[in-house]
Amino acid sequence: MASRTTISKALRLCREESSSVLGFATRFASTYSLPDLPYDYGALQPHISGEIMELHHKKHHATYVANFNVAMEKHAEAESKGDAAGMIACHSAIKFNGGGHVNHSIFWKNLCPAKDFELPSGELAAAINDQFGSLDNLIAKFNPTTAAVQGSGWGWLGFNKASQKLQIETCANQDPLSTKGLVPLLGIDVWEHAYYLQYKNVRPNYLKAVWSVVNWKDVGERYRAAKA
């Protein structure tokens with residue numbers, strides 16, 4: 001007959017194993033999903049075509065979400081096994097696909113139909129005028145900086161919490177702006193899939209057009225939240 005010590009140890013191991021399995025299952029259940037756009041695919045025309053928006057959202061963003069979930073599941077599995085090397089091996093895929101999901105989720109909300117366009121106002125407008133002199137001056141600095149991104153990447157207007165200032169920055173590939181220590185306010189995707197069907201290889205023309213559909217209300221809300 002098994003001793004009380006042996007039975008107690010067996011029960012403890014069962015509880016630990018159950019806890020590990022449940023924790024693993026919970027992490028698997030925490031999947032990310034493709035967000036709906038706050039407007040129709042054709043709502044940003046003629047500045048960004050409906051065909052581009054549909055492909056960009058349903059194909060490209062959806063792929064980042066799917067691959068992000070796969071990478072997170074692999075990371076959770078490695079973590080449940082105490083496999084540090086396996087966890088580290090997942091980091092590149094998590095950064096790329098997770099960054100793609102985070103960046104695009106901001107991008108969609110940063111845009112709005114031209115009929116709903118409003119210029120920056122309130123605190124954000126004051127900050128833009130104080131730092132750049134005018135919105136036109138901000139755009140004149142933002143566009144060439146972003147057009148110069150080599151290969152694929154993003155142009156950003158971010159908030160630097162340390163200096164309490166707005167800051168123009170670029171990120172390669174799908175690196176999120178948080179990797180530069182900044183809070184994202186406005187992101188412009190300059191991967192070719194964001195503009196090539198309409199603007200071909202003339203990235204500056206796309207950058208010129210996109211300002212007509214920037215949702216400054218959303219950018220202003222992000223600015224106020226970042227300052228809080």
So does [Y] get a backbone contact from the side chain of [X], meaning a donor-acceptor N/O pair under 3.5 Å?
X	Y	answer
Asn103	Gly99	yes
Asn215	Lys217	yes
Ser178	Gly181	no
Asp130	Ala126	no
Asn205	Tyr199	no
Lys161	Ala226	yes

Which heavy-atom pair separates [X] from [Y] by the least distance, and what is that distance?
X	Y	answer
Pro113	Leu44	N-CD2, 3.6 Å
Trp216	Leu119	CB-C, 4.1 Å
Val213	His47	CG1-CD2, 3.7 Å
Trp156	Pro184	CZ3-CB, 3.5 Å
Cys171	Lys180	SG-CG, 4.0 Å
Lys59	Thr63	O-OG1, 2.6 Å

inquiry  = Are Leu111 and Phe107 packed together at the side-chain level, in the sense that at least one heavy-atom pair is separated by less than 4.5 angstrom?
reply    = yes
Sub-4.5 Å side-chain heavy-atom contact between Met53 and Asp40 = no
Test log, rule salt bridge (Lys or Arg N to Asp or Glu O under 4.0 Å), inputs Lys227 and Glu123 = CA-CA 10 Å; Lys227 289 188 66 180; Glu123 291 181 284; 3.7 Å; yes
When rounded to the nearest 0.5 angstrom, what distance separates [atom1] in [X] from [atom2] in [Y]?
X	Y	atom1	atom2	answer
Phe117	Ser212	CZ	OG	7.0 Å
Glu73	Phe68	CD	CZ	11.5 Å
Glu169	Leu182	CD	CG	6.0 Å
Asn67	His101	CG	NE2	12.5 Å
Tyr206	Asp189	OH	CG	5.5 Å
Leu186	Ile188	CG	CD1	4.5 Å

Treat each ILVMFWY residue as a node, draw an edge where side-chain heavy atoms are under 4.5 Å apart, and state whether [X] and [Y] are in one component.
X	Y	answer
Leu34	Tyr39	no
Ile139	Leu124	yes
Val190	Leu197	yes
Ile106	Trp191	yes
Leu55	Val65	no

query = Step by step, would you call Phe159 with Lys165 a side-chain contact (heavy atoms from CB on, under 4.5 Å)?
reply = CA-CA 6 Å; Phe159 180 69; Lys165 296 287 187 180; 5.9 Å; no
ask   = Got a sec, which residues hit salt bridge (Lys or Arg N to Asp or Glu O under 4.0 Å) with Glu54, two or more places apart in sequence or on another chain?
value = Lys58
Asn110 versus Asp218, side-chain donor and acceptor atoms under 3.5 Å = yes
query = Under 3.5 Å, is there a donor-acceptor pair linking the side chains of His57 and Tyr41?
reply = yes
request  = Carefully, step by step, assess Tyr195 and Ile48 under the rule side-chain contact (heavy atoms from CB on, under 4.5 Å).
outcome  = CA-CA 7 Å; Tyr195 62 88; Ile48 304 177; over 6 Å; no
task = Decide yes or no on side-chain contact (heavy atoms from CB on, under 4.5 Å) for Thr31 and Met72, but give the supporting numbers first.
result = CA-CA 8 Å; Thr31 56; Met72 291 298 289; over 6 Å; no
request  = Please state whether the rings of Phe96 and Tyr64 are parallel, tilted or perpendicular, taking 30° and 60° as the class boundaries.
outcome  = perpendicular
query = Out of Lys109, His56, His60, which residue meets the side chain to side chain donor-acceptor pair (under 3.5 Å) rule with His104?
reply = His56
key: Check against side-chain contact (heavy atoms from CB on, under 4.5 Å), His61 and Trp108   = CA-CA 10 Å; His61 189 176; Trp108 307 132; 2.9 Å; yes
message = If you count heavy atoms of other groups shown closer than 6.0 angstrom to NZ of Lys81, is the number above 12?
response = no
Distance-only donor-acceptor pairs under 3.5 Å for side chains of residues 143-154, two or more places apart:
residue : atom : partner : partner atom : Å
Asn143  : OD1  : Trp211  : NE1          : 2.8
Thr145  : OG1  : Lys141  : O            : 2.8
Thr146  : OG1  : Phe142  : O            : 3.0
Trp154  : NE1  : Gln174  : OE1          : 2.9

